[in-house]
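All values reported here derive from a predicted model rather than from experimental measurement. Chain identifiers are assigned alphabetically (A, B, ...) following the order of the sequence lines, protein sequences preceding nucleic acid strands; residue numbering begins at 1 within each chain.
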Number of protein chains: 2
Amino acid sequence: MLINELSKKTGLSIHTIRYYENLGMIKGLADEKVKSNNYKHYNNNTIERLEIIIEAREVGFTLAEIKKILTSWFETTESKPETLELFHAKIKEIDDKMRYFKQTKRLLEKVCEKIQNNE
Amino acid sequence: MLINELSKKTGLSIHTIRYYENLGMIKGLADEKVKSNNYKHYNNNTIERLEIIIEAREVGFTLAEIKKILTSWFETTESKPETLELFHAKIKEIDDKMRYFKQTKRLLEKVCEKIQNNE
DNA sequence: ACAAAGTATAAACTATGCTCTATGCTTTTA
DNA sequence: TAAAAGCATAGAGCATAGTTTATACTTTGT
């Protein structure tokens, strides 16, 4: 599929997709049989990768961090202990953030109560 | 307390605290009895506010959004229905993000398993 | 009393993550 | 076949959230 279709399937703008491609997070390939243009083709793996990017950026990971996640998930053949530790650290980060989430949610709920009681 | 103490108690840099003060998220007051300087004094409410800021920014709320939360929590006297709706929407956002969190955590755990099995 | 440390204000600078514009080529469509 | 739409590349511009620098005044410690 070309970039337009990819954009529609993921909900990301064409600009954003190209931005991610420039960062090396995804990769499209030009059809070698077609010499007249340089149109890049993307496959379902690209969709998977973009969905992971969307998920992980919601969590607040930077694009650099997400790139590492993608590499470890899709490309890594060898297993470095420091990579493993990195991911354990990230999991811990998520757990920490979850706590902030619960606290903030509780605060917001209290704000709602306060607003309603003032009526 | 002065800004240095506030910085130590919250873990935020003096610069960041001033940045938040410029945005109107917190407010220090100069001692009127002292004419020789313009040193601002902060109280425990400021600490509370900064702790809320720290929590909420981890959740990914923008400083503008956090400012609204603070206003509704500490300053609002009247209760506007649209404010209430805003906060309900924010709570929903948090719930949505929690889902992303769980998915991303699961992905990271799988990455860890993958790395370990490759050994 | 004087150097060091603290405070205030303003402005410049930086990093991240886009978003938009310009240019030029290719493909599709009426 | 000419106009419109799509694709690629490069670079400029923008918003957010700080961080750093410069300047100047005040307070504190020795």
Side-chain angles (χ1 to χ4, degrees), chain A residues 1-43 46 49-70 93 97 100 104, chain B residues 1-43 46 49-70 90 93 97 100:
Chain A
M1 87 194 81
L2 298 180
I3 198 159
N4 191 31
E5 192 181 342
L6 185 60
S7 168
K8 276 169 189 148
K9 281 193 177 157
T10 58
L12 296 170
S13 79
I14 288 175
H15 289 299
T16 300
I17 292 171
R18 291 216 172 101
Y19 178 65
Y20 292 159
E21 184 157 12
N22 282 337
L23 293 179
M25 303 177 83
I26 60 165
K27 190 146 186 55
L29 285 174
D31 187 341
E32 285 174 20
K33 286 166 284 180
V34 178
K35 305 268 179 179
S36 63
N37 69 33
N38 191 30
Y39 289 12
K40 286 179 183 158
H41 294 260
Y42 303 90
N43 57 28
T46 311
R49 297 176 83 103
L50 289 177
E51 281 168 354
I52 288 172
I53 293 172
I54 291 168
E55 257 170 54
R57 72 180 186 179
E58 281 296 321
V59 174
F61 288 145
T62 65
L63 298 181
E65 288 170 325
I66 298 171
K67 192 179 168 182
K68 280 188 199 162
I69 295 174
L70 291 170
E93 254 180 58
K97 285 209 177 192
Y100 282 116
T104 305
Chain B
M1 85 195 83
L2 298 181
I3 197 159
N4 192 31
E5 191 179 342
L6 184 61
S7 167
K8 274 167 190 148
K9 282 194 175 155
T10 58
L12 295 169
S13 80
I14 289 174
H15 291 298
T16 300
I17 292 172
R18 292 216 172 102
Y19 177 64
Y20 292 159
E21 184 157 13
N22 283 337
L23 293 179
M25 304 177 82
I26 61 165
K27 190 143 187 58
L29 285 175
D31 187 341
E32 285 174 20
K33 286 165 284 182
V34 179
K35 305 266 178 182
S36 63
N37 69 32
N38 190 30
Y39 289 11
K40 287 178 182 157
H41 295 260
Y42 303 90
N43 57 27
T46 311
R49 296 176 83 102
L50 289 176
E51 281 169 355
I52 288 172
I53 293 172
I54 291 167
E55 257 171 54
R57 72 180 185 180
E58 281 296 322
V59 174
F61 288 144
T62 65
L63 298 181
E65 289 171 325
I66 297 171
K67 192 178 168 183
K68 281 189 197 161
I69 295 174
L70 292 170
K90 290 293 156 208
E93 253 179 60
K97 285 210 178 195
Y100 282 115

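The interatomic distance linking Tyr19(A) (OH) with dC18(C) (P) rounds to 6 Å, in whole Å. Distance Ile17(B) CD1 to dT9(C) P: 14 Å, rounded to the nearest Å. Look at CD1 on Ile54(A): it is 10 Å from P on dC18(C), rounded to the nearest Å. At whole-Å resolution of the value, CG in Asn4(A) and P in dT27(C) are 16 Å apart. Between the CG atom of Asn37(B) and the P atom of dA8(C) there is a distance of 8 Å, given to the nearest Å. Atom-to-atom, CG of Asp31(B) to C1' of dT7(C) comes out at 15 Å; the value is rounded to the nearest Å. Separating the CG atom of Leu23(A) from the P atom of dA15(C) is a distance of 15 Å, rounded to the nearest angstrom. Separating the CG atom of Leu6(B) from the C1' atom of dA8(C) is a distance of 15 Å, rounded to the nearest angstrom.
Each of Ile14(A) and Ala64(B) lies near DNA chain D, and the nucleotide nearest Ile14(A) is the one positioned closer to the 5' end. Each of Lys8(B) and His15(B) was matched to the nucleotide of DNA chain C holding its nearest heavy atom; the match closer to the 5' end belongs to Lys8(B). Sequence order on DNA chain D of the closest nucleotides to Leu63(B) and Ser36(B) puts Leu63(B) first from the 5' end. Two residues, Val34(A) and Glu5(B), neighbour DNA chain C, and the one matched to the more 5' nucleotide by heavy-atom proximity is Glu5(B).
With values rounded to the nearest 0.5 angstrom, Lys40(B) atom NZ is found 12.0 Å from Leu2(B) atom CG. Here NE2 of His41(B) is found 12.0 Å from OG1 of Thr46(B). Values are rounded to the nearest 0.5 Å. Between the CG atom in Leu63(A) and the OH atom in Tyr19(A) there is a gap of 6.0 Å [rounded to 0.5 Å]. A distance of 14.0 Å separates OG1 in Thr10(A) from CZ in Arg49(A), rounded to the nearest 0.5 Å. The line from CG of Leu29(B) to CG of Asn38(B) is 10.5 Å long, rounded to the nearest 0.5 Å.
Ile26(A) is listed as a side-chain neighbour of Glu21(A), based on a closest heavy-atom distance under 4.5 Å. At a threshold of 4.5 Å between non-hydrogen side-chain atoms, the residues Tyr42(B) and Ile3(B) count as touching.
Within the structure, every side-chain polar atom (N or O) of Ser13(A) is placed at least 4.0 Å from both OP1 and OP2 of dC18(C). Taking 4.0 angstrom as the limit, Lys35(A) places none of its side-chain polar atoms (N or O) nearer than this to OP1 or OP2 of dC25(C). In this model, the phosphate group of dT9(C) is not approached by any side-chain N or O of Arg18(B) to a distance below 4.0 Å at OP1 or OP2. OP1 or OP2 of dC18(C) sits under 4.0 Å from a side-chain N or O of Tyr20(A).
In the 5' to 3' direction, nucleotides of DNA chain D lying under 4.0 Å from heavy atoms of chain B begin and end at dA17(D) to dT27(D).
Between Lys90(B) and Glu93(B), at least one side-chain nitrogen of the basic residue sits less than 4.0 Å from a carboxylate oxygen of the acidic one, meeting the salt-bridge criterion.
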Under 3.5 Å, which donor-acceptor pairs link side chains of residues 51-60 of chain A to any protein atom two or more places apart or in another chain?
residue	atom	partner	partner atom	Å
Glu55(A)	OE2	Gln103(B)	NE2	3.1
Arg57(A)	NH1	Tyr20(A)	OH	2.8

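Without hydrogens or angle criteria, Asn4(B) side chain to Ser7(B) main chain gives no donor-acceptor distance under 3.5 Å.
Note on the helix from dA1(C)-dT30(D) to dA30(C)-dT1(D): terminal axis deviation equals 0°, with five pairs used at each end and the result rounded to 10°.
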